[in-house]
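We use all heavy atoms of the structure for the numbers below, so side chains are in, but hydrogens, waters and symmetry mates are not. The first residue of the sequence shown is numbered 1, and numbering continues consecutively from there. Every value quoted in this text rests on a predicted model; they were computed, and no experiment measured them.
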Amino acid sequence: MSNPYTGTVASALRKAQLLLGAHQQAANEQPLMDAALLESAVTQLWRAYRAFLAEQGHQLQLGFAAGAEPDSAQALAALVSQRGKFSGDVTELVNLSEDPQSWLSRLSGAWAGLWQLSLSTPAGPAGAANVGGSGVETMIPVRQLDNPSARPLEAPLTADNLHQWHQALVELIQRQRAQSQEW
């Protein structure tokens with residue numbers, strides 16, 4: 001039985017690789033183009049990761065319907081547990097996603113950062129930020145330092161980070177696929 005998610009993983013990884021190559025060729029020529037290519041590469045890496053979660057779930061015969069694929073390593077682990085199964089590969093994915101210093105957490109933060117519309121916290125009674133006469137916001141963005149579970153700011157969106165995340169994801173996928181073939 002072939003896995004319907006394997007092609008999506010490969011396609012998204014290849015697209016990310018092509019986007020990073022295009023970024024390298026066009027680097028510093030147009031800042032907006034640079035940002036667009038990097039953001040597109042993050043999207044493809046996240047898509048590959050999500051498809052790999054679904055691939056793992058399919059491999060473990062968890063029986064989820066198309067469109068109801070797990071959206072996180074924790075969701076995949078919950079499905080594995082509900083079915084009375086165990087997977088060291090899924091445990092590794094959960095551990096990576098919960099380690100704030102891991103490449104996967106940094107990729108997750110970058111993905112989440114794409115959807116964050118503002119880096120500052122609204123201030124004042126109406127939620128308006130303090131803006132001086134120059135039109136520059138004068139407040140320093142607030143970070144909650146006393147909560148260890150608060151997510152750190154996302155990793156900078158740089159080509160170096162994206163290359164590292166791409167390589168780490170490729171290595172993880174290859175290693176876990178190789179281990180599953182041994183069974």
Side-chain angles (χ1 to χ4, degrees), residues 1-26 34-116 151 154-183:
M1 165 168 61
S2 70
N3 194 316
Y5 301 101
T6 303
T8 303
V9 172
S11 172
L13 286 172
R14 180 66 178 136
K15 287 174 184 175
Q17 185 180 32
L18 291 171
L19 287 163
L20 289 171
H23 175 268
Q24 194 170 18
Q25 290 176 349
D34 289 349
L37 289 168
L38 292 176
E39 290 176 7
S40 297
V42 167
T43 301
Q44 290 302 322
L45 287 176
W46 192 251
R47 185 171 180 251
Y49 168 69
R50 290 280 310 275
F52 185 64
L53 292 176
E55 179 182 320
Q56 289 290 79
H58 182 82
Q59 199 71 20
L60 293 166
Q61 300 176 351
L62 298 180
F64 48 79
E69 294 88 356
D71 62 352
S72 68
Q74 290 78 3
L76 179 59
L79 284 172
V80 169
S81 179
Q82 287 171 2
R83 305 295 194 279
K85 297 182 178 192
F86 174 80
S87 169
D89 292 341
V90 173
T91 301
E92 179 184 12
L93 291 168
V94 169
N95 291 340
L96 272 172
S97 69
E98 291 177 347
D99 176 2
Q101 302 304 316
S102 75
W103 65 267
L104 184 54
S105 287
R106 293 191 316 266
L107 171 61
S108 175
W111 169 251
L114 291 180
W115 305 106
Q116 185 176 348
R151 293 193 67 92
E154 69 273 359
L157 207 54
T158 65
D160 287 342
N161 281 343
L162 285 162
H163 281 290
Q164 289 171 5
W165 300 337
H166 180 269
Q167 186 61 35
L169 184 57
V170 167
E171 288 172 4
L172 173 85
I173 290 169
Q174 288 175 343
R175 184 174 31 78
Q176 288 196 357
R177 283 179 179 168
Q179 288 172 351
S180 70
Q181 288 177 355
E182 291 175 8
W183 289 96

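Nearest heavy atom pair, residue Trp165 against residue Pro156, reads CH2-O, 4.3 Å. Nearest heavy atom pair, residue Val94 against residue Ala73, reads CG2-O, 3.5 Å. Pairing each heavy atom of Leu157 with each of Ala110, the nearest pair is CD1-CB, 4.1 Å. When all heavy atoms of His166 and Leu13 are compared, the pair lying nearest together is NE2-O, 3.2 Å. Phe64 approaches His58 most closely through the heavy-atom pair CZ-N, 3.9 Å.
At least one side-chain heavy atom of Arg175 sits less than 4.5 Å from a side-chain heavy atom of Glu92. Using a 4.5 Å heavy-atom threshold, the side chains of Gln56 and Val80 count as separate. Side-chain atoms of Gln74 and Glu98, non-hydrogen and from C-beta on, do get closer than 4.5 Å to each other. Taking 4.5 Å as the limit, some side-chain heavy atom of Val9 sits within range of a side-chain heavy atom of Arg177. The closest side-chain heavy-atom distance from Leu162 to His23 is not below 4.5 Å. Residues Thr91 and Phe86 have side chains in contact (heavy-atom distance under 4.5 Å, counting atoms from C-beta outward). The side-chain heavy atoms of Leu76 and Asp71, taken from C-beta on, include no pair separated by under 4.5 Å. Put simply, the side chain of Leu38 does not reach to within 4.5 Å of the side chain of Asn161, judged on heavy atoms.
Gln44 places no side-chain N or O within 3.5 Å of a backbone atom of Lys15 that could act as its donor or acceptor partner. Judged purely by atom type and a 3.5 angstrom limit, Ser105 has no side-chain atom pairing as donor or acceptor with the backbone of Gln101.
The one candidate from Leu62, Leu53, Leu60 that meets the side chain to side chain contact (heavy atoms under 4.5 Å, CB included) condition with Val90 is Leu60.
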Worksheet item: Passes side chain to side chain contact (heavy atoms under 4.5 Å, CB included), Leu96 versus Leu172? Steps please.
Response: CA-CA 11 Å; Leu96 272 172; Leu172 173 85; 4.0 Å; yes

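Atoms CG and CD, on Leu169 and Gln174 in that order, are 10.0 Å from each other to the nearest 0.5 Å. Residue Phe52 holds its CZ atom at 9.0 Å from OG1 of Thr6, rounded to the nearest 0.5 Å. Rounding to the nearest 0.5 Å gives a distance of 10.0 Å between OG of Ser40 and CG of Leu20. Note: Gln176 CD to Ser87 OG = 7.0 Å, rounded to the nearest 0.5 Å. Here the CD-CD distance, from Glu69 to Glu55, works out to 12.5 Å after rounding to the nearest 0.5 Å.
Between Tyr49 and Trp46, the two ring planes are tilted [angle within 30° to 60°].
Between the side chains of Gln167 and Glu171, at least one donor N or O lies within less than 3.5 Å of an accepting N or O.
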